[in-house]
2 protein chains.
Amino acid sequence: MLSKKAKYGLQAIIFLAKEEKKKKGPIQISELAEKENIPKKFLEIILLEMRKQGILHSKMGAGGGYSLGKSADKISIGQIVRLLDGPLAQVSCLSKTAYHKCDECKDEKTCEIRKVMKKVHESTARILDRTSLADAVKGKVNI
Amino acid sequence: MLSKKAKYGLQAIIFLAKEEKKKKGPIQISELAEKENIPKKFLEIILLEMRKQGILHSKMGAGGGYSLGKSADKISIGQIVRLLDGPLAQVSCLSKTAYHKCDECKDEKTCEIRKVMKKVHESTARILDRTSLADAVKGKVNI
DNA sequence: TAGATTATCTATTAAACAAATAGATTAAAC
DNA sequence: GTTTAATCTATTTGTTTAATAGATAATCTA
């Protein structure tokens, strides 16, 4: 399951991507929180994390707010989910972004669990990394 | 990520499936715990849950222990994971076994997050539901 | 330059969940 | 009736999730 954090983050960035098209400058946290029904303070934390990764851009002060940090077709859904919820892999020995040998595992080569989850991970990563924010907004999912 | 519970459970049932072939009667929790390096008391809980679902069978008293509750080709990996870690779906509105409307969601039909995660869920469920315990033990994964 | 606006930082909290442990009880075999 | 092994009841510890509060820093406008 996605955490609320990841869900809120996705909702927010999708909202921003849609606004981007209207060319009306940055959106304030409070507006975003209200429109998407997300607890404001929690949203602050989430947006900040995305900004630190460069997928969002922010501006302080009057007339400030949040906007996309790069073009929506350069942001993948996978990147967002990994950032907010951690690795996509079901077992850490499969993660490319955060590899870590499983504690109990005797032999990665013969581990049956790993073998099954490898397929799951591959198909998940494939979909999420190939589908950009721009695609998602259009309702297009690349398999 | 799989929880330790699910990982332990899979390790244990795979072990049992392999033993089944040797036709040597049930395996005791303590042996299982030792061979697979799983905390015994924790393993008890896990095995019990699987027994209650009918995928394991147990026998008390001397000479007792655990064995598969049905043939390994009638147990899917998906069933085990769902049992121990809950629904496979990334968002509850996609789960067939535990459907639940998302709190914040305005319209399921147009939700972009749902649309992407639907594909992920479909491919995950496909793999895990089509791969039986017997397959997994053979190192075979059905896509 | 003062005041308003808006993001950012530091800190804290409550509740839920994950992971594990301890001890008593029940069922079966011999 | 003693031994073996699963089962039940209860508790504990630590971590994570989700959220809130209040102070601070940057930017705009009048």
Side-chain angles (χ1 to χ4, degrees), chain A residues 1-12 16 24-54 56-69 81 83-87 90-92 102-104, chain B residues 1-12 16 24-54 56-69 81 83-87 90-92 102-104:
Chain A
M1 286 274 174
L2 287 181
S3 68
K4 291 213 167 191
K5 191 175 175 186
K7 247 204 251 180
Y8 290 158
L10 285 167
Q11 281 181 256
L16 289 176
K24 282 198 274 186
I27 310 293
Q28 289 81 53
I29 297 178
S30 17
E31 185 186 341
L32 208 37
E34 212 173 302
K35 294 260 178 68
E36 291 293 323
N37 252 295
I38 302 172
K40 192 184 164 223
K41 278 290 182 180
F42 193 19
L43 182 58
E44 282 182 15
I45 297 166
I46 298 167
L47 294 175
L48 209 52
E49 277 184 55
M50 293 202 273
R51 201 218 56 184
K52 280 176 183 162
Q53 268 250 329
L56 289 186
H57 174 255
S58 70
K59 200 177 164 191
M60 278 177 137
Y66 272 95
S67 51
L68 295 186
V81 174
L83 167 61
L84 298 174
D85 264 1
Q90 284 72 22
V91 278
S92 59
C102 297
D103 302 340
E104 329 74 17
Chain B
M1 286 275 175
L2 287 180
S3 68
K4 291 213 166 190
K5 192 175 175 185
K7 247 203 248 180
Y8 290 158
L10 285 167
Q11 281 180 255
L16 289 175
K24 281 197 275 185
I27 310 292
Q28 289 81 53
I29 297 179
S30 18
E31 184 186 341
L32 208 38
E34 211 173 304
K35 294 261 178 68
E36 290 293 323
N37 252 294
I38 301 171
K40 192 183 164 226
K41 279 291 182 178
F42 194 19
L43 182 57
E44 282 183 15
I45 297 167
I46 297 167
L47 294 175
L48 209 52
E49 276 184 56
M50 294 202 272
R51 200 218 57 185
K52 279 175 183 164
Q53 267 250 328
L56 288 186
H57 174 256
S58 69
K59 199 178 165 192
M60 277 177 139
Y66 273 96
S67 50
L68 296 186
V81 174
L83 166 61
L84 297 173
D85 263 0
Q90 285 71 23
V91 279
S92 59
C102 298
D103 302 339
E104 329 74 17

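Numbers restart at 1 for each chain; the letters A, B, ... are given by sequence-line order, proteins then strands. The basis for the numbers below is simple: all heavy atoms, side chains too, and nothing from hydrogens, waters or symmetry mates.
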Side-chain N,O (B/Lys40) to OP1/OP2 (D/dA6) below 4.0 Å: no

Any Lys/Arg nitrogen of B/Glu44 or B/Lys41 sitting under 4.0 Å from an Asp/Glu carboxylate oxygen of the other? yes

In whole angstroms, the gap separating C1' of C/dT8 from NE2 of A/His57 amounts to 14 Å

Partner nucleotide of D/dG1 by Watson-Crick or wobble geometry (both distances under 3.5 Å): C/dC30

Can you check the B/Glu104 CD to D/dA18 P distance for me, whole Å? 10 Å

What is the separation between atom CD1 on A/Ile45 and atom C1' on D/dA19, rounded to the nearest whole Å? 8 Å

Looking at C/dT8, D/dA6, D/dA19, which one has an atom nearest to any side-chain atom of B/Tyr66? D/dA6

Which residue lies toward the 5' end of DNA chain D, A/Ala6 or A/Gly64, if each is placed at its nearest nucleotide? A/Ala6

With the side chain of B/Lys59 defined as its heavy atoms from C-beta on, choose the nearest nucleotide among C/dA29, C/dC9, C/dA20. C/dA29

Gap between atoms NZ and C1', on B/Lys41 and C/dT25 respectively (whole Å): 11 Å

Partner nucleotide, any strand, of D/dT24 [Watson-Crick/G-U, under 3.5 Å]: C/dA7

Need to verify one output field. Residue with the more 5' nearest nucleotide on DNA chain D, A/Ala62 or A/Tyr8? A/Tyr8

